[in-house]
**Q** 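I have a structure here, written as structure tokens, and I will follow up with some questions on it.
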Amino acid sequence: MATVWRSQSAFARLFAGKTGQILNNATDLGTKLGPGSQSAILARKYSNYAHSPFVTRVKEQYEYEIVKNPPEWAYVQRLLPFDTIPAVTPKESYPSGWVPPKEEAKSLPFFLSRTRNHEIPIYLHITFRGIRKITKIKRIEGDIWLMNEEIKSYLKEKNNRYVETRVHEVGRFIEAKGDYVNQLVEWAHSKGF
Amino acid sequence: MGSRQITEKSLSMLRSLPRISLGNIRDNPNCRKPAKRGRAQHGGDKHGAGNKGSGQRQNFMRLGYETGNNPFYLRVPQEHYYRGHHLRREYPPLTLHELQRMIDKDRVDVNQPIDIASIVKSGIYNFFPDQKQFGVNLTDEGADLFTAKINIEVQWASELVIAAIEKNGGVITTAYYDPHSLFLLKNPKKFFESGQAIPRRMIPPPDAIEYYTSAKTRGYLADPEEISKERLKLSQKYGYNLPDIQKESNYQMLCERKDPRQIFYGLEPGWVVNLKDECILKPKDQELLKFYNT
């Protein structure tokens with residue numbers, strides 16, 4: 001299992017090297033030496049591991065039943081990781097505050113696509129030890145300048161003051177000076193993105 | 001080969017090669033000479049070790065020693081609330097709001113019992129068993145908006161969280177897993193590929209027994225009748241009508257629990273899962289069956 005080779009933690013050292021082999025709470029019950037093979041080992045003491053002969057007559061001691069197409073396979077499949085991030089099935093309500101994108105947003109002159117995690121790509125960048133806060137809107141498609149104007153007027157109306165923005169046409173993002181993540185997410189929801 | 005041929009050959013090679021950039025050039029062979037340790041009057045001086053003291057003699061003092069000063073690590077008083085920190089269990093938090101968001105975005109399946117394996121599978125929560133982390137602490141942030149009806153198994157939960165889940169007709173269990181089991185639950189696929197038999201789950205350590213046998217905390221070792229009493233008590237304390245889960249359509253799913261020795265739902269200790277051939281190897285030997293059932 002998980003390898004913890006270079007961990008500094010004393011606790012983790014308990015698992016170092018061991019996790020790939022036999023688990024602590026299991027026993028090595030897979031194979032057992034037959035009587036002949038044991039006597040071969042005891043007959044002579046080998047000082048060197050490299051010179052000792054191979055142990056022969058090792059047999060599988062325990063019987064296993066191999067079940068093909070077992071009914072429990074559904075439980076195994078449930079544990080396997082997703083191949084891709086699952087698509088969201090439409091629901092009546094989303095109590096957590098997550099809002100699905102609307103179809104009508106595609107007719108707007110600009111578009112904000114969702115991230116692979118179905119979230120709106122608006123982030124807060126805090127730099128200079130928390131002094132500078134910049135809200136970044138990424139993944140903009142279409143008329144970025146028109147979107148910039150709309151954002152500016154929306155933020156001015158909400159906050160009763162001018163908010164500076166910066167448009168990066170090639171990078172397809174807009175940055176607003178200040179922490180306006182919640183307001184801009186609300187705006188994006190109102191537009192249907 | 002004449003020089004013209006060499007030029008043509010080089011040019012034809014250049015056509016097929018990628019464009020030269022800082023990423024794929026390197027120095028001419030033998031153009032860098034390693035510095036030599038100088039000898040004699042003008043080069044054989046200190047060789048970077050400095051003059052006098054630890055530097056020159058390479059006998060460095062032990063860590064924290066301040067040449068006779070009262071050392072910094074002894075100067076401040078001891079802080080006893082850190083005593084035993086290397087043994088304490090840690091439960092990284094997951095809020096009810098995050099859990100609801102996972103459910104809304106179909107990262108966890110509500111129609112199946114939720115345990116730490118399915119929470120980690122969602123990709124939104126992660127934990128590290130080798131850093132003394134023993135599983136999920138479900139916290140009460142977003143308890144008011146939580147509406148999902150689930151059968152969830154976490155490692156730590158507060159009273160309010162239990163109330164928030166039971167109010168919606170859900171079921172919550174707190175269960176202990178030893179670190180080895182947590183490695184399996186964190187990445188079941190990796191474990192199945194290793195070809196080992198699923199081990200047994202160990203019982204909780206002495207200081208955790210009380211929590212996991214208590215019906216108030218919905219411990220997995222508690223008496224089920226006590227738990228149903230406590231469910232009613234909690235609903236009266238918080239003032240909600242306890243939904244009768246026996247009348248639910250998914251009553252079977254809500255009743256599903258793991259055995260105290262079981263790590264994965266539906267898979268018993270001792271089984272070997274073969275992902276390649278899609279088959280399960282079940283032990284038949286009495287000795288093995290006895291071992292895995294105790």
Side-chain angles (χ1 to χ4, degrees), chain A residues 1-5 7-16 18-30 32 60-82 85-91 93-100 117-119, chain B residues 86-87 97-98 100-107 109 112 117-118 121 123 129-132 142 145-148 178-181 183-184 186-192 194 196-202 264-267 269 271-275 277-285 287-288 291:
Chain A
M1 279 315 299
T3 43
V4 198
W5 294 110
S7 183
Q8 294 294 310
S9 155
F11 177 81
R13 245 174 271 141
L14 290 173
F15 305 104
K18 241 183 258 175
T19 50
Q21 302 156 19
I22 303 298
L23 294 164
N24 256 5
N25 50 5
T27 49
D28 187 9
L29 294 168
K32 201 175 173 186
E60 290 274 336
Q61 194 195 6
Y62 296 103
E63 282 182 29
Y64 266 87
E65 179 192 3
I66 300 171
V67 188
K68 296 249 173 183
N69 301 322
E72 295 89 359
W73 197 254
Y75 291 107
V76 177
Q77 273 176 331
R78 203 191 286 176
L79 290 165
L80 300 180
F82 295 120
I85 293 166
V88 181
T89 50
K91 297 182 188 67
S93 65
Y94 301 89
S96 68
W98 183 83
V99 177
N117 287 316
H118 312 294
E119 299 287 352
Chain B
H86 63 296
L87 298 170
H97 190 183
E98 281 173 304
Q100 181 67 54
R101 210 172 171 89
M102 274 152 69
I103 291 165
D104 284 354
K105 286 160 72 181
D106 289 332
R107 291 297 187 92
D109 190 0
Q112 308 290 357
S118 52
K121 185 188 161 182
D130 56 314
Q131 294 173 15
K132 302 188 283 289
L145 57 82
F146 191 79
T147 52
D178 56 309
H180 283 301
S181 313
F183 276 121
L184 311 201
K186 192 183 166 185
N187 196 345
K189 193 184 174 197
K190 193 178 169 191
F191 173 72
F192 294 149
S194 76
Q196 295 178 60
I198 300 169
R200 300 171 302 168
R201 182 173 12 157
M202 293 290 103
F264 303 115
Y265 278 111
L267 303 176
W271 291 5
V272 180
V273 176
N274 185 343
L275 288 180
D277 303 336
E278 298 200 1
C279 62
I280 294 177
L281 282 76
K282 297 178 185 176
K284 278 201 291 193
D285 201 281
E287 198 181 332
L288 269 189
F291 172 78

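So you know, we letter chains A, B, ... as the sequences are listed, proteins then strands, and number each from 1. Predicted model only: the values in this text are computed from it and were never measured.
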**Q** Report the option among A/Lys68, A/His118, A/Lys91 that has the most heavy-atom pairs separated by less than 4.5 Å from atoms of chain B.
**A** A/Lys91
**Q** Taking all atoms of both residues into account, what is the closest heavy-atom pair of B/Ala197 and A/Tyr64, and its distance?
**A** CB-OH, 4.2 Å
**Q** For B/Asp277 and A/Ile66: C-alpha separation, side-chain torsions, deciding distance, then whether side chain to side chain contact (heavy atoms under 4.5 Å, CB included) applies.
**A** CA-CA 11 Å; B/Asp277 303 336; A/Ile66 300 171; over 6 Å; no
**Q** Applying side chain to side chain contact (heavy atoms under 4.5 Å, CB included), run through B/Val273 and A/Trp73 and close with a yes or a no.
**A** CA-CA 9 Å; B/Val273 176; A/Trp73 197 254; 3.7 Å; yes
**Q** Do the side chain of B/Lys282 and the main chain of A/Val67 share a donor and acceptor less than 3.5 angstrom apart?
**A** no
**Q** When you look at CG of A/Asn69, are more than 12 heavy atoms from neighbouring residues, nucleotides or ligands closer to it than 6.0 Å?
**A** no
**Q** Please state whether the side chain, the backbone, both or neither of B/Phe264 comes within less than 4.5 Å of a heavy atom of chain A.
**A** side chain
**Q** Considering all heavy atoms of both residues, which atom of B/Cys279 and which atom of A/Pro70 are nearest to each other, and what is their separation?
**A** CA-CD, 4.3 Å
**Q** Hey, which of B/His97, B/Met102, B/Lys284 has the most heavy atom pairs under 4.5 Å with chain A?
**A** B/Lys284
**Q** Rounded to the nearest 0.5 Å, what separation is found between the CG atom of A/Asn117 and the NZ atom of B/Lys105?
**A** 5.5 Å
**Q** Heavy-atom pairs under 4.5 Å with chain A - which of B/Ile280, B/Asn274, B/Leu145 has more of them than the others?
**A** B/Ile280
**Q** Measure A/Ala74 against the heavy atoms of chain B and call it side chain, backbone, both or neither at under 4.5 Å.
**A** neither
**Q** What are the two closest non-hydrogen atoms of A/Arg78 and B/Lys121, and how far apart are they?
**A** O-NZ, 3.0 Å
**Q** Going through the checks in order, is the side chain to side chain contact (heavy atoms under 4.5 Å, CB included) test met by A/Leu80 and B/Leu275?
**A** CA-CA 10 Å; A/Leu80 300 180; B/Leu275 288 180; 4.1 Å; yes
